Amino acid sequence: MGFALILGLALLSGGRFTVLAKPAQKMAFGKTADGQDVELYTLTNKNGMHVAITNFGASVVRIQVADRQGQVEDVVLGYDALDGYVRDQAYFGAVIGRYGNRIAAGKFMLDGSTYTLARNNGENSLHGGIKGFNKAVWKAREMAAQDGPSVELTYLSKDGEEGYPGNLSVKVVYTLTERNELKIDYSATTDKKTVLNLTNHSYFNLNPGGRDILQHVLVIYADKYTPVDSGLIPTGELPSVAGTPFDFRKPTAIGARIEQDDEQLKLGHGYDHNFVLHKKGKAVELAARVVEPATGRVLEVLTSEPGVQFYTGNFLDGSARGKGGKEYQRRSAFCLETQHFPDSPNHLKFPTTELKPGEKYHSTTIYKFSTE
Ligand code: BGC
């Protein structure tokens, strides 16, 4: 397998036998209760950055990247072993599907039919339902991508799964480039009209030795956001962020306004809101930029999606034992989940999340690391 991959890479480079990327390293990660083997793939680039991916939930397990002194640390939350991912309730690192974030009352209409989804968040359906894509064992294979080591994961979500219509074939390709980018390409097709909103739920802390993420300095390239009701369902309005704690158009510490007396912050228990990116169309553009002042680590998020969910880990409570037995406390990490807006199937004015037979869903997100 390793040799075939190296040969493939050499051929891709036009027959000049230069190896463009080290193939992913594959190792056993455990077995599920129903006997399925789960693997861990480690991608390494020439800068010494490592990304580990498991085919359980197509989850990102580790992102190890240097700070400004060259010290390599793991900047995402997660678990040491499969067992943690099987029991996880926080969606650490996972691919979320079929629908990232909430669908109100677990119901939506498509062509005159009402679909009722699995409800797992009060009366709402969150992140795909009771058994979302984050709990599926995906098929995985290493790929000969030209821009770096890569893993392709595929999953067939059957017609009716968690209440969603259509057999949906999903593919997620993770590539670690030589520019320290973790690139995620999502694609899907269906045999029946359905709705779809895929994202990755990595929780970042660019200074993992620090206490929380309140000192991280954030820019979100968004003029508007989608306020929510008490069930965290968008009200449908798209107000300007100007003059609110949701204005991250200029670099601002995450903690600067998080405790302000603001109705939306209260409803979210902090930030847990979708921002309407001011990019136009499907080009892959900058959505957010985060700088951690102590380590100098910088994370840039680029996406083809129209929105990003900024979530400050408000519901983390130390109950899940993570890597090295660490208790992940409230606000010890943040998520920037690129996406279509929550509850879009019930908001016809939001960009559509419908996918029809014969169409191809395609979406790209890049998490790019550097230092300053
Ligand atoms: C949601 C939060 C939720 C978290 C973990 C985020 O995408 O917006 O409300 O608690 O995921 O499930």
Side-chain angles (χ1 to χ4, degrees), residues 57-60 76-79 84-106 117-135 162 184 186 196-205 213 218 220 222 225-235 246 254 258 264-277 287-288 301 303 305-320 322 328-344 346-347 350 353 363 365 367:
S59 308
V60 174
V76 287
L77 270 46
Y79 307 96
Y85 290 92
V86 171
R87 285 186 288 123
D88 170 81
Q89 298 291 316
Y91 303 85
F92 287 157
V95 164
I96 305 296
R98 283 192 201 187
Y99 200 95
N101 220 284
R102 292 171 178 81
I103 295 187
L117 305 172
R119 294 175 181 152
N120 60 334
N121 188 250
E123 61 159 5
N124 303 322
S125 186
L126 173 67
H127 294 334
I130 295 162
K131 186 173 185 277
F133 292 3
N134 59 307
K135 297 292 183 199
E162 301 297 295
I184 316 175
Y186 305 87
L196 179 62
N197 189 24
L198 299 176
T199 189
N200 177 278
H201 210 304
S202 287
Y203 286 70
F204 298 95
N205 186 330
I213 42 85
L218 172 68
I220 304 180
Y225 77 113
T226 53
V228 291
D229 66 16
S230 59
L232 296 182
I233 298 292
T235 60
F246 294 84
I254 290 175
I258 200 166
Q264 282 297 316
L265 284 176
K266 278 194 200 128
L267 289 169
H269 305 270
Y271 294 101
D272 191 354
H273 294 78
N274 172 70
F275 287 71
V276 180
L277 296 171
V301 182
T303 189
E305 288 296 303
V308 65
Q309 184 83 11
F310 174 47
Y311 171 57
T312 40
N314 311 312
F315 299 119
L316 295 176
D317 59 5
S319 59
Y328 295 130
Q329 301 296 349
R330 186 162 191 252
R331 300 197 177 142
S332 60
F334 64 88
C335 302
L336 287 164
E337 303 155 62
T338 54
Q339 61 182 11
H340 273 56
F341 309 166
D343 200 31
S344 295
N346 294 308
H347 290 277
F350 288 175
T353 51
S363 166
T365 289
Y367 291 115

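In each ligand, atom 1 is the first atom listed, and ligand 1 is the first ligand listed. Predicted model only: the values in this text are computed from it and were never measured.
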**Q** Could you tell me the residue and atom name of the protein heavy atom closest to atom 11 (O) of ligand 1, and the distance to it rounded to 0.1 Å?
**A**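 Ranked first by proximity to atom 11 (O) of ligand 1 is H201 NE2, 2.7 Å.
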**Q** Name the closest protein heavy atom to atom 1 (C) of ligand 1, giving the residue it belongs to and the distance to 0.1 Å.
**A**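 The protein heavy atom lying closest is D272 OD1, 3.4 Å.
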**Q** Any nitrogen or oxygen of E337, main chain or side chain, under 3.5 Å from a nitrogen or oxygen of ligand 1?
**A**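 Yes: some nitrogen or oxygen of E337 is under 3.5 Å from one in ligand 1.
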**Q** How are the rings of F92 and Y79 set relative to one another: parallel (under 30°), tilted (30 to 60°) or perpendicular (over 60°)?
**A**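 Rings of F92 and Y79: tilted, as their planes differ by 30° to 60°.
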**Q** Nearest heavy atom to atom 3 (C) of ligand 1: which of Q309, Q89, R102, Q339 does it belong to?
**A**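 It is R102 whose heavy atom sits nearest to atom 3 (C) of ligand 1.
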**Q** State, to 0.1 Å, how close Y367 and L336 come at their nearest heavy-atom pair, and which atoms those are.
**A**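 Minimum heavy-atom separation between Y367 and L336: OH-O, 2.9 Å.
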**Q** Counting N and O atoms only, with roles assigned by atom type, does the side chain of K135 sit under 3.5 Å from a partner on the main chain of I130, one being a donor and the other an acceptor?
**A**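 Between the backbone of I130 and the side chain of K135 there is no qualifying donor-acceptor contact (under 3.5 Å).
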**Q** Heavy atoms only, cut-off 4.0 Å: how does N101 contact ligand 1, side chain, backbone, both, or neither?
**A**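 The answer is the side chain of N101.
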**Q** Is the Y271-F246 ring centre distance short of 6.0 angstrom?
**A**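 Yes: the rings meet the under 6.0 Å criterion.
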**Q** Short list, please: which atoms of ligand 1 are under 4.0 Å from a heavy atom of F315?
**A**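 The list of qualifying atoms is 9 (O), 10 (O).
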**Q** For ligand 1, which atoms sit closer than 4.0 Å to a heavy atom of Y203?
**A**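 Reading through ligand 1 atom by atom, the close ones are 5 (C).
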**Q** Could you tell me if the ring centre of H340 sits under 6.0 Å from that of F350?
**A**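 No, the ring centres sit 6.0 Å or more apart.
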**Q** Tell me the contacting part of F310 for ligand 1: side chain, backbone, both, or neither, using a 4.0 Å heavy-atom threshold, strictly below.
**A**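 Neither part.
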**Q** Less than 6.0 angstrom separating the ring centers of H273 and F275, yes or no?
**A**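 Ring centroids of H273 and F275 are no less than 6.0 Å from each other.
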